[in-house]
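What follows is one structure encoded as structure tokens, with my remarks underneath.
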Amino acid sequence: MDEFNRNTENQDSQHTTPFQTPVRGADEQPGGYHHTNTYEGSANNGTYTSTGGFGGGSTPPPNDGNGSSYEQWSGGGKPPKKPKKPKKPSQFPWKPVAAVVIVGALAFGGGMLAGNGGLPTLGGSSSGGYSYSNGEGSGTTDDSNATKVSIQDTAEDLGSYSEIYEKVSPSVVAVVVDEIQAGSESSGSGVIMSEDGYVITNNHVVEGGDKFTVILADSTSYDAQLIGTDEQTDLAVLKIEATGLTAAEFGNSDDVKVGDRAFAIGSPGGIEYQNSFTGGFISAINRDVTINDRVMSLIQTDTAINPGNSGGALINSAGQVIGITSSKLSASSMSGASIEGMGFAIPMNTTKEIVDELIAYGHVTGRPAIGISGYDIDESRASYFNLPQGVYVSSVDTASDAYAKGIQSGDIITGVNGSEITSMSEINEVKNELSAGDTITLTIYRDGATQDITITLIDEADLSGTTVSSDSNSSSDSGNYTNPYSGYGYSFP
């Protein structure tokens, strides 16, 4: 999770057909073609020069040979004829005037679009990029009555979730972890759970660390003490010596529904991007995800979760933390597939139970454990090594009842409570339904024969951490066959 992951348009020239208004492309400038028309006999003997032109088009129109640099693109190759005078003074020439207006609107449509202008008047005023020349100089006249864009103040932006960010951001911190002996440093995120300095984060954020630093949203930093960790749920708790902190408000994750809005705040990419805010939706609930050979029931979201977000907050639309972001699904380096928008968070109701235990005891109490480590033997390996499918035992904790009852490295577990199993997850599924002090019966394959051994589950916190293992490069003392995994595997307490 914490590995950091970060046209010119070719527009073909198009021929503009009659009655087709040219459209300016993204790479073209307004007023692509200019025209000059001289109107004689106008007021002040001036000359009106149109500078609006057409914005766009790739081929200039043809010259009409009458002093105009192009032919009006309205309905053909000839300019409109001047309207004839009416025969009777009392009748107004509606039809010719309407024709001129229509032709003018089509001819100057592109200029109006490009220059926010209108039709020029013959009385000396201009609009939309038409300039006036009287032989002594030129300039653009101002039309105070021109239509302009009006920007209104927005009383309330219903599409903004800034209030959620403002509410939760002070409760989200960056966590810097130093491994002094290794000379390395990494970072993640955390959520303040109390005003007196308890901070929730992921186990994998702090795992292996020797020194921990918590950096608040206002950049204040504190040395932190590791209170407790739980590998199975990937949760951890830190403590800083501070008071008056802004604690997060936690929501009921059991109320979360697919389609709900969801947001995340954390430090993707490190301290440089601390308290980044992303948003999306709840994609699935109670999603079983296997991480480090442990099945976890998580909230799935398409909210962007990136390396460094681990331990941060997944938030609902009420500004409540409903989960602790922990992981994302991504394509392997050997795969060409691209996977986006599949992030996961530990539900807050699960987090509460674990965190309360970590603060009270430094670990989770009452969790049942067998006390052995091992490897899954799949069908192909079983066939190759001529072994049954099951779980190869690589080591046994000396404090466990499994060790006391004689289970040893090299054994293969093929059944639990009378049912066949082929993987560690199947053993854990049965075990996790029980409590410390309960018994469980394991079917063991050894020396070509099977036997049932009943053991008492131990509290995980009581495991010694000292194990008896087989030499991965030699034959097992008990089974006289070679470890098919050469020492690579997982543990399941």
Side-chain angles (χ1 to χ4, degrees), residues 151-175 187-202 214-222 238 240 242-285 298-326 328 340-352 355:
I151 303 296
Q152 303 295 328
D153 291 335
T154 303
E156 181 179 3
D157 185 355
L158 298 180
S160 174
Y161 296 93
S162 59
E163 291 184 358
I164 294 175
Y165 178 79
E166 292 170 359
K167 175 181 178 179
V168 184
S169 182
S171 303
V172 181
V173 302
V175 178
S187 67
S189 304
V191 178
I192 298 174
M193 64 160 290
S194 65
E195 295 182 359
D196 59 348
Y198 283 100
V199 175
I200 304 171
T201 188
N202 285 141
V214 168
I215 303 176
L216 305 185
D218 63 3
S219 298
T220 305
S221 64
Y222 294 88
L238 296 168
I240 61 175
T243 57
L245 301 176
T246 302
E249 179 182 334
F250 298 104
N252 186 348
S253 57
D254 289 344
D255 293 337
V256 172
K257 298 180 179 64
V258 174
D260 287 353
R261 290 289 286 167
F263 309 90
I265 301 179
S267 301
I271 307 302
E272 181 180 359
Y273 303 103
Q274 182 175 359
N275 282 42
S276 293
F277 186 58
T278 57
F281 297 91
I282 299 297
S283 304
I285 56 175
L298 305 176
I299 298 172
Q300 181 183 330
T301 179
D302 68 344
T303 302
I305 295 175
N306 291 294
N309 272 110
S310 292
L314 184 69
I315 309 156
N316 63 17
S317 56
Q320 298 172 322
V321 178
I322 54 174
I324 301 299
T325 55
S326 62
K328 66 178 294 186
E340 298 293 341
M342 294 190 68
F344 300 93
I346 305 165
M348 203 59 230
N349 288 19
T350 300
T351 300
K352 171 182 167 48
V355 167

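Computed from a predicted model, the values in this text were never measured in an experiment.
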Using the salt bridge (Lys or Arg N to Asp or Glu O under 4.0 Å) rule, collect all pairs that involve residues 251-271, keeping only residues at least two apart or in two chains.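 For residues 251-271, and leaving out neighbouring residues, there are no salt bridge (Lys or Arg N to Asp or Glu O under 4.0 Å) pairs at all.
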Side chain [X], main chain [Y], donor-acceptor under 3.5 Å:
X: Thr325; Y: Gly312; value: yes
X: Ser267; Y: Gly308; value: no
X: Thr278; Y: Ala304; value: yes
X: Ser171; Y: Thr246; value: yes
X: Ser310; Y: Gly188; value: no

Euclidean distance, [Y] [atom2] relative to [X] [atom1], rounded to 0.5 Å:
X: Asn316; Y: Glu249; atom1: CG; atom2: CD; value: 8.0 Å
X: Leu245; Y: Leu216; atom1: CG; atom2: CG; value: 6.0 Å
X: Phe344; Y: Ser283; atom1: CZ; atom2: OG; value: 8.5 Å
X: Asn275; Y: Ser189; atom1: CG; atom2: OG; value: 7.5 Å
X: Ser326; Y: Asn309; atom1: OG; atom2: CG; value: 10.5 Å
X: Glu272; Y: Ser187; atom1: CD; atom2: OG; value: 11.0 Å

Minimal non-hydrogen separation, [X] against [Y], with atom names:
X: Ile299; Y: Ile322; result: CD1-O, 3.8 Å
X: Tyr273; Y: Pro268; result: CB-O, 3.1 Å
X: Ala262; Y: Ile282; result: CB-CD1, 3.7 Å
X: Ile164; Y: Ser317; result: CD1-O, 3.4 Å
X: Ile192; Y: Pro170; result: CD1-O, 3.8 Å

Heavy-atom distance under 4.5 Å between the side chains of Phe277 and Val168, does that happen here?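 No, side chains not in contact.
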Lys167 NZ: over 12 foreign heavy atoms closer than 6.0 Å: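 Counting neighbours around NZ of Lys167, more than 12 heavy atoms of other residues, nucleotides or ligands fall under 6.0 Å, so yes.
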Ring-plane angle category for Tyr161 and Phe263, please: parallel below 30°, perpendicular beyond 60°, tilted otherwise.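 The rings of Tyr161 and Phe263 sit tilted, inter-plane angle from 30° to 60°.
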Can you sort out the partners of Thr351 under side-chain contact (heavy atoms from CB on, under 4.5 Å), two or more places apart, ordered by chain and number?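 Testing Thr351 for side-chain contact (heavy atoms from CB on, under 4.5 Å), a comparison that skips the adjacent residues, returns Ile200, Leu235, Ile324, Ile346, Met348, Val355.
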